[in-house]
Amino acid sequence: MPELAYVNGEIMPVEEAVISIEDRGMQFGDSLYEVVRLYDGRPFRMKEHIDRMRRGAEVIGLDLSKAGDLEEILDELIQRAGLKTAFVYLQVTRGVTPRNHVIPDDLTPTVIATVRHLEELSEERYVRGSRAFTRLDERWARRDVKATTLLPNILSRSYAVGKGGYDAIHYEEDGTVTEGSVSNLFCVIGGVIRTHPTGKKILPGISRATVLQLIEKMQMPFAEQAFTVAEMMDASEVFFADTYSEVMPVVQIDSQTIGDGKPGPVAKKLKKAFRRVVIAETGADL
Ligand code: PDD
């Protein structure tokens, strides 16, 4: 099945998709994006993803009203592509203008999307657990907005992967841990699951929200409370949560072994439950 793209109303093979060189998304990162996972060809929580884009558009004053019905656009693209294990990348830019920092009025947004095959992480990766490396959080102040200004994120992830890790773990100047470069982060300290509260400092992840619902449903001890790097190093468990990995245990951070160096019971339980929610909500045959 072909990997397809959508560009401003047209669907074509990805390699044929083009946009203007004066698109503000390309020149300034003046754009928002979402990544939605397809299970058995069915999107998981697409509405929540698009709602998050709408909230981000309000923050940056990007008028989505002329972007069309984004859910309809993605549904059509997904049907046409017919891919089963895949992900949809959606990006809406403010539009095309001769380069100018000042945002002109009345621009028509550029809407692009792709559907690409997804190489699922192997079961072995989850059994073994992943390694992460800490990194000062040098991203902009509005991390709750899923903007394509991802230079700090790509530098962090490349740094961590270059050292043999899965992802970076960002921390603030005062040592407070925020999140990964593509993931939210949880840890278990003293038997209590903790994660950074939502607000401007982290992206309100859809997977994070799913994990929080599961924690509540299974009545697991939880506090929406930030933690420091020092507390994280002493945690019995640490795990990422994001669209690609769902729940990914972290068993080593820098040179510190986390817990007993193996994925813990909390992360394993949440990963299994996450899949059950996906199957229940999408009807995917997994
Ligand atoms: N990233 N935090 C950051 C900084 C992210 O970029 C992401 C997602 C998340 C997890 O959000 P969600 O559960 O909605 O995927 C947290 C996507 C996957 C990406 O940039 O490819």
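Remember, it's 1-based here, ligands and their atoms both numbered in the order they're listed. Being a predicted model, the structure only gives us computed values, none of them experimental.
Ligand 1 does not have Y89 within reach: every non-hydrogen atom of the residue lies 4.0 Å or more from it. Every heavy atom of E34 sits 4.0 Å or more from the atoms of ligand 1. Remark: distances from the non-hydrogen atoms of R143 to ligand 1 are all 4.0 Å or more. Look at P204 and you'll find every heavy atom at least 4.0 Å from all atoms of ligand 1. Contact between R52 and ligand 1 is present, with at least one heavy atom of the residue lying under 4.0 Å from the ligand.
Remark: ligand 1 atoms within the under-4.0 Å shell around heavy atoms of V35 are 19 (C), 21 (O). Below 4.0 Å from some heavy atom of R139 lie the following atoms of ligand 1, by number and element: 4 (C). Listed by number with element, the atoms of ligand 1 under 4.0 Å from a non-hydrogen atom of Y33 are 6 (O), 19 (C), 20 (O). Within ligand 1, the atoms closer than 4.0 Å to a non-hydrogen atom of G205 are 11 (O), 12 (P), 13 (O), 14 (O), numbered from 1 in the order shown. In the vicinity of Y244, heavy-atom distances shorter than 4.0 Å reach the ligand 1 atoms 18 (C), 21 (O).
Ion pair R139/E179 flagged as a salt bridge, since at least one NZ, NE, NH1 or NH2 atom sits closer than 4.0 Å to an Asp/Glu carboxylate oxygen.
Scanning the protein for heavy atoms near atom 15 (O) of ligand 1, the closest one is T243 OG1, 2.6 Å. Protein heavy atom in closest approach to atom 13 (O) of ligand 1: S207 OG, 2.6 Å. Residue, atom and distance of the protein heavy atom nearest to atom 2 (N) of ligand 1 are E179 OE1, 2.8 Å. Nearest non-hydrogen protein atom to atom 1 (N) of ligand 1 is K146 NZ, 3.1 Å.
No hydrogens or angles considered: a donor-acceptor pair under 3.5 Å links the side chains of D254 and T134. The closest side-chain donor-acceptor pair between E120 and T85, if any, does not fall under 3.5 angstrom. In summary, the side chains of T97 and N100 do not present any donor paired with an acceptor at a separation below 3.5 Å, with no hydrogens or angles considered. When only modelled atom types and interatomic distance are considered, H170 and S181 share no side-chain donor-acceptor pair under 3.5 Å. In the model, R143 has no side-chain atom that pairs as donor or acceptor with a side-chain atom of T178 under 3.5 Å.
Although no hydrogens or angles enter the test, the distance criterion places a donor-acceptor pair under 3.5 Å between the side chain of E231 and the main chain of T228. No side-chain donor-acceptor contact under 3.5 Å links D40 to the backbone of K84.
Of the heavy atoms in H170, none comes closer than 4.0 Å to ligand 1. At a heavy-atom cutoff of 4.0 Å, ligand 1 is contacted by both the backbone and the side chain of I206. Contacts between L203 and ligand 1 below 4.0 angstrom, taking non-hydrogen atoms only, involve the side chain exclusively.
The two residues V96 and S20 have their closest heavy-atom pair at CG1-OG, 3.3 Å.
Classification of the F222-F186 ring pair by plane angle, with boundaries at 30° and 60°, yields tilted.
In this comparison of T210, V182, L185, I202, the heavy atom closest to atom 10 (C) of ligand 1 sits on V182.
The salt bridge (charged side-chain N to carboxylate O under 4.0 Å, His left out) search around E124 returns R128, not counting sequence neighbours.
In this structure the side chain of E3 never reaches within 4.5 angstrom of the side chain of V115, judged on heavy atoms.
Not one N or O of R208 is nearer than 3.5 Å to an N or O of ligand 1, by distance alone. Checking only distances, N153 never comes within under 3.5 Å of ligand 1, N or O to N or O.
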